[in-house]
Amino acid sequence: MADSDSLKVPFSRPSISEEEGYAVYNVLRSGWLTTGKEALAFENEFSYFMNKVDDSVVEARKAAGLSADGVTSLAVNSNTSGMILAMEACGVKKGTAVITTPYTFVSTAACAKHLGADVIFADIEKDSYSIDVGKVEEILERDKDKKIVAVVPVHIAGNLCDMERLVKAARKHNVKVIEDAAHAFPSLSKLGYAGTIGDAGVFSFYVTKTMTTAEGGMVCVRDKALAKRMAVMRMHGMDRTTWDRYTSPRASWEYDIVDLGWKFNLPDLLATMGRVQLKRAGEMFEKRKKIVQYYNEEFSKLDFVQLPPDGDGNAWHLYLMRLNPGALKIGRDDFAKALQKKGIGISVHFIPLFKFTYWKNLDKNFTAENFPNAARQYERTISLPLWPDMTEEMARLTVAAVKKIGEENHA
């Protein structure tokens with residue numbers, strides 16, 4: 001892939017204002033760089049954001065049999081770390097199993113394997129990238145002997161899975177729902193924000209995401225016992241936080257290790273960026289939507305392009321352009337290379353896990369043939385540039401390149 005500086009339109013760039021710079025500088029000058037008051041403030045502000053919903057959301061949750069308790073947020077150093085914490089707290093361990101989709105980044109399933117659990121895959125829906133809840137229901141009924149303890153839906157590109165039906169199916173079988181919401185901030189549904197609908201949800205603040213701390217993430221949970229467990233396991237299984245140890249009158253070296261945890265905390269140096277990005281989230285969302293509207297208007301005129309799936313609360317983290325193979329003389333790979341040659345930064349989300357050696361070696365039946373919807377979407381999908389500070393000229397260049405390549409290679 002070409003270096004972003006050499007591209008006419010980079011695939012993604014973070015939206016960083018002067019305010020983020022000032023915030024980071026102030027933390028540097030404070031002398032406290034690791035997890036402290038900035039991370040705590042970030043967690044509190046994130047919880048406030050997630051809890052600020054209409055009464056209709058609270059009533060809808062109650063009607064669906066879901067908790068209406070407030071959301072607790074825990075800052076972590078990556079979505080992957082957050083997923084491990086959430087899974088462990090929800091009972092994922094050796095001798096258990098997790099259901100998820102093969103159409104995701106590798107960490108979603110890898111986290112379960114790191115905890116010693118088995119992974120059972122359910123194909124995605126035919127016309128979207130979301131996990132097929134019907135397939136999940138079949139697995140829950142069929143594989144009762146496999147001690148399935150969690151279902152992990154992935155909100156691809158910020159478009160939400162059918163959470164109401166999924167949660168209902170999980171509740172029927174006493175199974176937890178852990179949302180991989182890496183793409184889904186700030187997706188809002190009638191049952192609440194993505195990442196707060198199931199038993200736990202995990203966001204990513206990686207540099208390409210809808211808001212960023214450079215590296216980092218956030219776990220959201222309503223159950224106080226789950227939150228307490230994750231808070232302890234996030235920092236070596238220690239019963240005191242670093243901030244408490246060094247700022248309270250009690251001696252810093254007086255602590256207990258209550259379990260074998262990890263080091264998954266988010267430092268203040270990154271958390272302070274997140275606080276600013278959170279304030280700018282609405283502004284950045286509106287800018288992405290404006291670009292999406294332009295793309296949709298232009299691409300709806302083309303017979304070789306299918307617009308991305310769209311549903312209520314779509315965060316529009318990615319623009320997944322789908323090619324209609326029958327209308328073109330070239331495939332996705334050649335189309336993508338042609339875009340790059342024209343200076344358009346692109347990516348592909350995602351390479352299904354059955355394409356990777358590790359996962360293929362685990363199960364000979366884990367093949368494209370057994371997951372036809374995931375295979376089909378992968379073979380025709382290209383992620384186009386979509387980031388808040390893209391100029392109108394960049395969007396026009398992207399559309400022009402797509403049109404030109406399609407015209408030159410039309411069947």
Side-chain angles (χ1 to χ4, degrees), residues 43 47 50 61 64-76 78-101 104-105 107-122 131 133 136-137 139-140 143-155 161 163-182 184 191-204 217-235 237 258-262 264:
E43 291 176 339
S47 293
M50 289 294 166
R61 290 190 64 82
L66 300 175
S67 169
D69 292 346
V71 172
T72 298
S73 302
L74 295 162
V76 288
S78 71
N79 169 274
T80 301
S81 299
M83 290 296 293
I84 290 174
L85 289 172
M87 287 184 183
E88 193 276 342
C90 288
V92 177
K93 59 185 178 181
K94 187 175 181 179
T96 69
V98 165
I99 302 172
T100 192
T101 165
T104 183
F105 186 60
S107 63
T108 308
C111 291
K113 295 300 292 182
H114 282 306
L115 291 167
D118 292 326
V119 182
I120 304 170
F121 292 101
I131 194 167
V133 181
V136 172
E137 291 170 333
I139 293 168
L140 289 170
D143 295 338
K144 293 180 179 179
D145 61 324
K146 293 187 177 179
K147 296 183 179 178
I148 298 168
V149 296
V151 180
V152 186
V154 183
H155 303 307
C161 301
M163 290 302 298
E164 186 170 10
R165 184 180 168 194
L166 185 64
V167 169
K168 184 178 180 180
R171 291 285 183 274
K172 179 181 176 182
H173 294 272
N174 196 29
V175 167
K176 300 289 188 184
V177 176
I178 304 169
E179 299 171 72
D180 187 338
L191 294 176
Y193 282 100
T196 72
I197 302 170
D199 296 281
V202 190
F203 296 92
S204 171
M218 191 74 77
V219 186
C220 287
V221 62
R222 296 178 189 273
D223 186 311
K224 301 303 181 186
L226 291 180
K228 183 177 180 181
R229 174 65 178 179
M230 286 186 265
V232 169
M233 295 300 283
R234 172 178 58 175
M235 196 63 179
V258 299
D259 209 331
L260 191 62
W262 299 275
F264 288 163

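A quick note: this is a predicted structure, and the numbers were derived from the prediction, not measured.
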Side chain to side chain contact (heavy atoms under 4.5 Å, CB included) partner of Glu179, the single match among Val202, Ile197, Val167, Val154: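 Of Val202, Ile197, Val167, Val154, side chain to side chain contact (heavy atoms under 4.5 Å, CB included) with Glu179 is met by Ile197 alone.
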Side chain to side chain contact (heavy atoms under 4.5 Å, CB included) partner of Val151, chosen from Ile139, Asp199, Thr101, Val136: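 Going through Ile139, Asp199, Thr101, Val136 one by one, the side chain to side chain contact (heavy atoms under 4.5 Å, CB included) with Val151 is satisfied by Val136 alone.
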Could you report the tightest heavy-atom contact between [X] and [Y], atom names first, then the distance?
{"X": "Ser73", "Y": "Ser47", "value": "OG-OG, 2.9 Å"}
{"X": "Met230", "Y": "Ala89", "value": "CG-CB, 3.8 Å"}
{"X": "Val219", "Y": "Gly82", "value": "CG2-CA, 3.5 Å"}
{"X": "Val119", "Y": "Ala109", "value": "CG2-O, 3.7 Å"}
{"X": "Leu191", "Y": "Ala64", "value": "CD2-CB, 4.2 Å"}
{"X": "Phe203", "Y": "Cys220", "value": "CE1-SG, 3.9 Å"}

Any chance you could measure [X], atom [atom1], to [Y], atom [atom2], to the nearest 0.5 Å?
{"X": "Leu226", "Y": "Glu88", "atom1": "CG", "atom2": "CD", "result": "10.0 Å"}
{"X": "Leu66", "Y": "Arg171", "atom1": "CG", "atom2": "CZ", "result": "5.5 Å"}
{"X": "Ile178", "Y": "Cys90", "atom1": "CD1", "atom2": "SG", "result": "4.0 Å"}
{"X": "Leu140", "Y": "Asn174", "atom1": "CG", "atom2": "CG", "result": "11.0 Å"}
{"X": "Asp223", "Y": "Asp69", "atom1": "CG", "atom2": "CG", "result": "8.0 Å"}
{"X": "Phe264", "Y": "Leu74", "atom1": "CZ", "atom2": "CG", "result": "13.0 Å"}

Under 3.5 Å: donor-acceptor pair, side chain of Asp180, backbone of Ala182: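 Yes, Asp180 side chain to Ala182 backbone: donor-acceptor pair under 3.5 Å.
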Main-chain N/O of Cys161 paired with His155 side-chain donor or acceptor, under 3.5 Å: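 Side chain of His155 to backbone of Cys161: a pair is present.
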With heavy-atom distances below 4.5 Å as the criterion, would you say the side chains of [X] and [Y] are in contact?
{"X": "Lys144", "Y": "His173", "value": "yes"}
{"X": "Thr96", "Y": "Lys146", "value": "no"}
{"X": "Glu43", "Y": "Met218", "value": "yes"}
{"X": "Met163", "Y": "Val177", "value": "yes"}
{"X": "Met87", "Y": "Val152", "value": "yes"}
{"X": "Trp262", "Y": "Leu85", "value": "yes"}
{"X": "Asp259", "Y": "Val232", "value": "no"}

Leu260/Met233 under side chain to side chain contact (heavy atoms under 4.5 Å, CB included): CA gap, chis, key distance, verdict: CA-CA 7 Å; Leu260 191 62; Met233 295 300 283; 5.6 Å; no
Arg61: side chain to side chain donor-acceptor pair (under 3.5 Å) partners, not counting sequence neighbours: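 Listed in chain order: nothing, the list is empty.
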Heavy atoms from other residues, nucleotides or ligands near [atom1] of [X] exceed 12 (cutoff 6.0 Å):
{"X": "Asp145", "atom1": "CG", "result": "yes"}
{"X": "Lys228", "atom1": "NZ", "result": "no"}
{"X": "His114", "atom1": "NE2", "result": "no"}
{"X": "Lys168", "atom1": "NZ", "result": "no"}

Steps toward side chain to side chain contact (heavy atoms under 4.5 Å, CB included) verdict (Thr100, Phe121): CA-CA 5 Å; Thr100 192; Phe121 292 101; 3.9 Å; yes
